[in-house]
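The analysis underlying the following values was restricted to heavy atoms, covering all of them including side chains, and did not include hydrogens, waters or symmetry mates.
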Amino acid sequence: RSSDLDALDDALRDLAAARARRQTARQAVTAIVDDARRLAAALGEPAPDDPRLFAERVSARLEAAERGAQERALAAQA
């Protein structure tokens, strides 16, 4: 009986830990989605359906803009 109670206590602790991790993950996802929406609004775009794809698109745009700025700077030096 004692081992059954110990096993139950362990399971309850594991469950509580899993619930805490789930809550932390939900908060992180909510923050990511909110940040993506704010960034989209700042860029004059609609709220993204998928923050991951939106981040990839924004990253590609930023890289292209940086390349363009480098090319203009090099052209100005020539």
Side-chain angles (χ1 to χ4, degrees):
R1 291 265 191 234
S2 178
S3 64
D4 290 342
L5 291 176
D6 289 343
L8 182 56
D9 284 342
D10 290 344
L12 289 173
R13 272 193 296 278
D14 291 346
L15 178 60
R19 285 181 172 159
R21 288 191 305 274
R22 180 181 63 186
Q23 181 62 25
T24 300
R26 282 182 175 166
Q27 290 171 344
V29 168
T30 298
I32 290 168
V33 169
D34 290 347
D35 287 347
R37 287 180 180 155
R38 280 193 292 275
L39 181 56
L43 295 172
E45 297 184 9
D49 292 326
D50 185 335
R52 295 169 298 171
L53 296 176
F54 177 71
E56 289 175 9
R57 283 196 319 267
V58 169
S59 177
R61 287 173 56 186
L62 180 59
E63 289 172 5
E66 288 172 342
R67 279 194 306 275
Q70 288 174 346
E71 289 170 3
R72 286 189 297 280
L74 289 174
Q77 291 175 1

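From Leu8, atom CG reaches atom CG of Asp4 across 8.5 Å, with rounding to the nearest 0.5 Å. In this structure, OG1 on Thr24 lies 9.5 Å from CZ on Arg21, to the nearest 0.5 angstrom. A distance of 6.5 Å separates CZ of Arg57 from CD of Glu45, quoted to the nearest 0.5 Å. A distance of 4.5 Å separates CZ in Arg13 from CG in Asp10, rounded to the nearest 0.5 Å.
Under the salt bridge (Lys or Arg N to Asp or Glu O under 4.0 Å) criterion, Arg38 pairs with Asp35, not counting sequence neighbours. Annotation: side chain to side chain contact (heavy atoms under 4.5 Å, CB included) contacts of Glu71 (sequence neighbours excluded): none. By the side chain to side chain contact (heavy atoms under 4.5 Å, CB included) test, Val29 pairs with Val33, sequence neighbours left out. For Arg19, the side chain to side chain contact (heavy atoms under 4.5 Å, CB included) criterion is met by Leu15, Arg22, not counting sequence neighbours. Applying the side chain to side chain contact (heavy atoms under 4.5 Å, CB included) rule to Arg52 yields the partners Asp50; only residues at least two apart in sequence or on another chain are considered.
Connectivity analysis of hydrophobic side chains (ILVMFWY, heavy atoms under 4.5 Å, direct or indirect) links Phe54 to Leu39, Leu43, Val58.
The two residues Arg37 and Pro48 come nearest to each other via the heavy atoms CA-CD, 4.2 Å.
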